[in-house]
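A quick note: this is a predicted structure, and the numbers were derived from the prediction, not measured. We count ligands from 1, going down the list as the structure has it; atoms in each ligand are counted the same way.
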Amino acid sequence: MEAWFVDWLHLLIRFLHVLTAIAWIGASFYFVWLDNSLETPPQWKTDKGIKGDLWAVHGGGFYEVAKYKNTPEVLPKTLHWFKWEAYSTWLTGMALLIVVFYVGAQSYLIDSTKADLSSWQAIAIGVGSLLLGFGIYEGACRTPLIKHNLAFGLVMLVLVTFMAWALSQVLGDRAAYIHVGALIGTCMAGNVFNTIMPSQRVMVEAAAKGEVPDPYYGNKAKLRSTHNNYATIPVLFIMLSNHFPATYGNEHGWLILGALALVGAWARHFFNLRHHGKIKPMILVSALVAFFAIGWIIKPASPSAQAATSSAELPRVTDVQALTIVGQRCTACHSANPTDSVFTAAPAGVMFDNLDQIKAMKDRILARSVHTHDMPFMNKTAMTDEERELLGRWLAQ
Ligand code: HEC
């Protein structure tokens, strides 16, 4: 009953998290586009202090947007801030981390083949990594490195990759990935809360007094906003990676995370340049090539090639052998009547109660239990490498 309720709560929070994240990233992309698409305004607008304007048509109406060089003549009564998109994404993300990974620490966080941790120790490592990582990022933003965009970006990439490596030494692979994603998300929301909003408050106060705000604040906010912009694609990839065990489940999952984060930020660069009218298709093409190259490098040997070598030398695996392995290692969860304490309904609706059901899922079983060690979930049922090999051989026969 309790597991059922937690699952239902999980659905609600995940839904809210995706929804708020769409709103946040949507607003972020929109404003970067807006800023980069501004055109020189007519003289009468320049006289009012407007430095750029643009026209748009959307949803059956015309919009005229203007950006002021400093402050408007009079501050409007209503000023929209766009901060709750960020805060609510972070809050729902943390709630999700707690409900899935911390409440279910035994199933989702701990991999006893890596480190024999108690739930509290594993949670402390997770939370500690977020605090430490956030502190390092904020610290780095206060060094001269911040003035060099490319170098700063590369150093952050190395740190993120290192964090993925360090976490994957002690926590389950998925948990390691998701904590790196949560860390980047925390830095992004922190930028909004710690830097962008306070800077804007200073600017609004100055404007209210009829003063010209120090450009230092505007520039500082803009820089953090740019960091966020480049982080969006890597962070989205990490959040979605949980559906792709080939990434986190790889023995060098941390390196794959670093490589794909680089490719994602590089692809984002194309769009940022394009907004300035600089169209460099080679950026996007090279990002795509790199994306497929990574996939090619980590591709497991094809099952038919494996079968060709194995069937010549090794005896056939019988249906009974395969059924026994699946019965011992999978059906605790994947059955019409699961016996696992956490997964009380067959996960993803996948059941392995008979041969037909197993064969129907051949490709997915190969992907998750033979080519990667992603199933059994956190190897809860302690499947051995030999059993994986036998199951793979049987499926390829
Ligand atoms: C402790 C519970 C548990 C055990 C044991 C377990 N699984 Fe899973 N399995 C899950 C969960 C949870 C999901 C859904 C989340 C996901 O897809 O990662 C899942 C999803 C799957 C999927 C469907 C998703 C897809 O990739 O299409 C397959 C296939 C799968 N498991 C195969 C296996 C095999 C094969 C075994 C045994 C060798 C196994 N599982 C053992 C919990 C378990």
Side-chain angles (χ1 to χ4, degrees), residues 2-4 6-11 13-14 18 96-97 99-114 119 122 171-178 181 237-250 253 295 298 300 303 317 319-397:
E2 199 204 339
W4 173 259
V6 171
D7 213 35
W8 202 236
L9 191 65
H10 173 175
L11 175 62
I13 301 174
R14 188 172 287 261
V18 172
L96 205 50
L97 193 63
V99 166
V100 179
F101 284 89
Y102 296 168
V103 171
Q106 287 299 334
S107 308
Y108 283 88
L109 210 51
I110 298 164
D111 181 344
S112 53
T113 60
K114 292 185 181 179
S119 294
L171 299 181
D173 295 329
R174 283 182 197 231
Y177 256 55
I178 216 72
F237 150 69
I238 298 174
M239 296 305 164
L240 297 179
S241 69
N242 264 231
H243 299 282
F244 298 92
T247 55
Y248 64 83
N250 188 284
I298 65 172
V317 182
D319 288 353
V320 176
Q321 271 177 297
L323 268 177
T324 311
I325 295 174
V326 171
Q328 280 176 352
R329 309 302 180 200
C330 313
T331 48
C333 299
H334 293 287
S335 161
N337 303 301
T339 50
D340 189 87
S341 56
V342 179
F343 301 103
T344 49
V350 174
M351 298 176 202
F352 299 133
D353 291 321
N354 57 52
L355 275 178
D356 288 342
Q357 285 178 334
I358 301 173
K359 285 196 170 147
M361 292 298 285
K362 174 182 162 187
D363 290 341
R364 298 308 305 155
I365 298 175
L366 279 173
R368 306 206 55 174
S369 301
V370 182
H371 299 153
T372 66
H373 290 188
D374 180 55
M375 283 290 148
F377 197 82
M378 303 298 263
N379 207 6
K380 205 172 176 184
T381 47
M383 188 173 193
T384 64
D385 286 350
E386 195 199 345
E387 287 168 339
R388 291 181 197 279
E389 195 266 327
L390 283 174
L391 193 59
R393 202 141 39 94
W394 177 73
L395 287 170
Q397 268 168 188

For [atom], the protein heavy atom that lies nearest, with its residue and separation:
atom: atom 23 (C) of ligand 1; answer: Val350 CG2, 3.6 Å
atom: atom 41 (C) of ligand 1; answer: Pro376 CA, 3.4 Å
atom: atom 12 (C) of ligand 1; answer: Phe343 CE2, 3.3 Å
atom: atom 19 (C) of ligand 1; answer: Met375 CE, 3.1 Å
atom: atom 11 (C) of ligand 1; answer: Pro347 CB, 3.1 Å

In terms of atom number and element, which parts of ligand 1 are under 4.0 angstrom from non-hydrogen atoms of [X]?
X: Asp340; result: 1 (C)
X: Phe352; result: 32 (C), 33 (C), 34 (C), 35 (C)
X: Met361; result: 29 (C)

May I ask whether Ser369 places a heavy atom under 4.0 Å from ligand 1?
-> yes
Under 3.5 Å, is there a donor-acceptor pair between the side chain of [X] and the main chain of [Y]?
X: Arg329; Y: Thr381; value: yes
X: Glu387; Y: Met383; value: no
X: Tyr177; Y: Gly253; value: yes
X: Arg388; Y: Ser369; value: yes

Among Lys362, Arg364, Arg329, Lys380, whose heavy atom sits nearest atom 5 (C) of ligand 1?
-> Arg329
Option with minimal heavy-atom separation from atom 22 (C) of ligand 1, where the choices are Arg174, Arg368, Met383 = Arg368
Counting backbone and side chain alike, does Cys333 bring an N/O/S atom below 2.8 Å of atom 8 (Fe) of ligand 1?
->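 Checking Cys333: none of its N, O or S atoms is under 2.8 Å.
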Taking non-hydrogen atoms only, is [X] closer than 4.0 angstrom to ligand 1 via side chain, backbone, both or neither?
X: Phe377; value: both
X: Cys330; value: both
X: His334; value: side chain
X: Arg388; value: neither

Can you find a heavy atom in the side chain of [X] that is under 4.5 Å from one in the side chain of [Y]?
X: Asn379; Y: His373; result: no
X: Glu389; Y: Arg393; result: yes
X: Trp394; Y: Val326; result: no

Ring centre gap for Phe377 and Tyr108 strictly below 6.0 Å |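 Ring centroids of Phe377 and Tyr108 are less than 6.0 Å from each other.
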If you measure only the distance, is there a donor-acceptor pair under 3.5 Å linking the side chains of Gln106 and Ser119?
-> yes
Donor-acceptor side-chain pairing of Asn337 and Ser335 below 3.5 angstrom =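 No pair is found: no donor N or O on one side chain lies under 3.5 Å from an acceptor on the other.
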